[in-house]
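Since the structure comes first, as structure tokens, the remarks are kept for the end.
Note that the structure is predicted; figures quoted are calculated from it, not measured.
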Amino acid sequence: MSRTRIALLWATLGSYAAIVAAVLSTSWLVRLDWQVMLFRPYKQWPQLHAFLDYFVVLGQRGPTAVLVAAWLGWRSWRQRTLRPLLVMAVALLALNVTVGGAKFGMRREGPHYANDIGSNEMWLNGDIFPSGHTANAVVTWGILAYLATTPQARRILSVIAAVFALGVGGTTVYLGTHWVSDVLLGWAAGLLILLALPWCEPVIREVERRVMVVRDRLRGQPVRSPHSVSPPPGAPVPALPDPLTAPARPAAVTARIGTTHRTPARPHQPETRPPGTHPPVRPVEPLGGPFSPASSAPPHRP
């Protein structure tokens, strides 16, 4: 995990704790909650109500999980790996545990059920703090950016995930189903899960390996997995030859490996003769044949 990711993780965790502390202490954040709630945005801009009623579905866990799981399932089939689906399963499990635990632990009432103006509405009978729609939008659409295979795709999907997460959070405030602080804590909760996913990668790889081993055994095929399968305990492991202690290969065999048989070229040897001597002179023969007096006579003219 990079230093930037670790710094973002700690910053987000600090923001999460600060939001909870601000709500528990009934600070300025709670006053902002009541001001926005009493402003009633859905009455100020009623023309947006019909569209935002459908847009907020992008933060509901059921529909978004089906859409994203279908896409990641196709990717898993194409890439012959279970990692995309396992990453989504781990992220949704962490979302249910962390966000669900916080909701039922703090029991905050929503704006529609609030009675005491100015109170933080904590420890009552509600389950809206943090916003589940907002956290789910961050995690579900953010997984697509997390699993992107190219930098360009990751940038595009990150922008799309941010638009959906910001839009869903703002829509819940517009509809009056959540306080502003609920949405802020939902953004922080979803971002914490995405930032912590790299720590879950070893578990994801091990689960994938075990699933692939079981699949191959059920099919009666040799055990194959996307990662190396460890030998069972006590099984002999073939040792690799040590290059320092292994016997040397004969030079003749080494010379023949990777080469073809070729007849070596005969080196040029200059002709040796005693000093002061000259090479023998051979007589020059005419074109007509060997030299003779008759052949040197001029031709007869009629």
Of the non-hydrogen atoms in G59 and A137, which two are nearest, and what is the gap between them? CA-CB, 4.2 Å

Show the atom names and distances, to 0.1 Å, of all donor-acceptor pairs under 3.5 Å that link a side chain in residues 37-47 to residues at least two apart or in another chain.
| residue | atom | partner | partner atom | Å |
| --- | --- | --- | --- | --- |
| R40 | NH1 | M37 | O | 3.2 |
| Q44 | NE2 | F39 | O | 3.2 |

Quick one: side chain to side chain donor-acceptor pair (under 3.5 Å) partners of Q60, sequence neighbours excluded? none

Nearest 0.5 angstrom please: F129 CZ to E121 CD, how far? 12.5 Å

Applying the 4.5 Å side-chain criterion to the ILVMFWY set and letting contacts propagate, would I6 and L191 be lumped into a single cluster? yes

Does the structure place the NZ or CZ of R75 under 6.0 Å from the centre of the six-membered ring of W77, at an angle of no more than 45° from the ring's axis? no

L157 CG to L144 CG distance, which is reported to the nearest 0.5 Å: 6.0 Å

Do V87 and L147 pass the side-chain contact (heavy atoms from CB on, under 4.5 Å) test, and can you show the C-alpha distance, the side-chain angles, and the key distance before you say yes or no? CA-CA 9 Å; V87 168; L147 294 173; 4.0 Å; yes

Within-4.5 Å side-chain heavy-atom neighbours: L195 and T12: yes

Shortest non-hydrogen pair, V99 vs A135, comes out as CG2-CB, 4.0 Å

For the CG atom of L197 and the CZ atom of R5, what is their distance to the nearest 0.5 Å? 8.0 Å

Verify salt bridge (Lys or Arg N to Asp or Glu O under 4.0 Å) between E206 and R209, making sure each step is shown before the conclusion. CA-CA 5 Å; E206 180 63 19; R209 185 188 71 83; 2.8 Å; yes

Donor-acceptor under 3.5 Å (Y174 side chain, H49 main chain): yes

Okay, side chain of D33, backbone of S181: is any donor-acceptor separation there less than 3.5 Å? yes

State, to 0.1 Å, how close G118 and V30 come at their nearest heavy-atom pair, and which atoms those are. O-CG1, 3.8 Å

Atom CG of L72 and atom CG of L67: how far apart are they, to the nearest 0.5 Å? 11.0 Å

Can you check side-chain contact (heavy atoms from CB on, under 4.5 Å) on L82 and V211, steps first, answer last? CA-CA 9 Å; L82 295 176; V211 170; 3.4 Å; yes

Not counting sequence neighbours, list each pair that qualifies as a salt bridge (Lys or Arg N to Asp or Glu O under 4.0 Å) and has a residue in residues 128-155. none

Heavy-atom donor-acceptor pair, W34 side chain to S119 backbone, under 3.5 Å: yes

Taking only residues two or more places apart in sequence, or in another chain, which ones meet R83 in a salt bridge (charged side-chain N to carboxylate O under 4.0 Å, His left out)? E201

Note, M106 side chain near V23 side chain (heavy atom, < 4.5 Å): no

Does L175 reach the side chain of D53, with side-chain heavy atoms less than 4.5 Å apart? yes

Has the side chain of H178 got a donor or acceptor atom that lies under 3.5 Å from a matching backbone atom of G169? no

Quick one: do L86 and W199 end up in the same hydrophobic cluster if we chain Ile, Leu, Val, Met, Phe, Trp and Tyr together by side-chain heavy atoms under 4.5 Å apart? yes

Contact check, side chains of P130 and W187, non-hydrogen atoms, under 4.5 Å: no

Please find out if less than 6.0 Å separates the ring center of W71 from that of W74. yes

Do Q35 and L32 touch side chain to side chain, with heavy atoms closer than 4.5 Å? yes

Gap separating the CG atom of L85 from the CD atom of E208, nearest 0.5 angstrom: 10.0 Å

Only counting residues at least two apart or in another chain, list the ones meeting side chain to side chain contact (heavy atoms under 4.5 Å, CB included) with L92. A65, M88, L95, N136, T140

Restricting to non-hydrogen atoms, name the atom on F55 and the atom on T171 that form the minimum distance, rounded to 0.1 Å. CD2-OG1, 3.5 Å

Main-chain N/O of T81 paired to S76 side chain as donor or acceptor, under 3.5 Å: yes

Is any side-chain heavy atom of W141 less than 4.5 Å from a side-chain heavy atom of L58? yes

Between CG on residue L124 and CZ on residue R108, distance to nearest 0.5 Å: 10.0 Å

According to a 4.5 Å side-chain heavy-atom criterion applied to Ile, Leu, Val, Met, Phe, Trp and Tyr, with indirect links allowed, do F164 and F51 form part of one hydrophobic cluster? yes

Counting C-beta onward and ignoring hydrogens, is there a side-chain heavy-atom pair between T177 and V56 closer than 4.5 Å? no

Quick one: do W179 and L29 satisfy side-chain contact (heavy atoms from CB on, under 4.5 Å)? Show the steps, please. CA-CA 10 Å; W179 307 98; L29 187 55; over 6 Å; no

Pairing residues for S15 by the side chain to side chain donor-acceptor pair (under 3.5 Å) criterion, not counting sequence neighbours: none

Closest approach of M122 to L24 (non-hydrogen atoms, all atoms of both residues): CE-CD2, 3.5 Å

Same hydrophobic cluster for W10 and L8, using side-chain heavy-atom links shorter than 4.5 Å among ILVMFWY? yes

Flag the pair T98 / I193 as yes when at least one side-chain heavy-atom distance between them is below 4.5 Å, and no otherwise. yes

Same apolar cluster: L93 and V207, side chain cutoff 4.5 Å: no

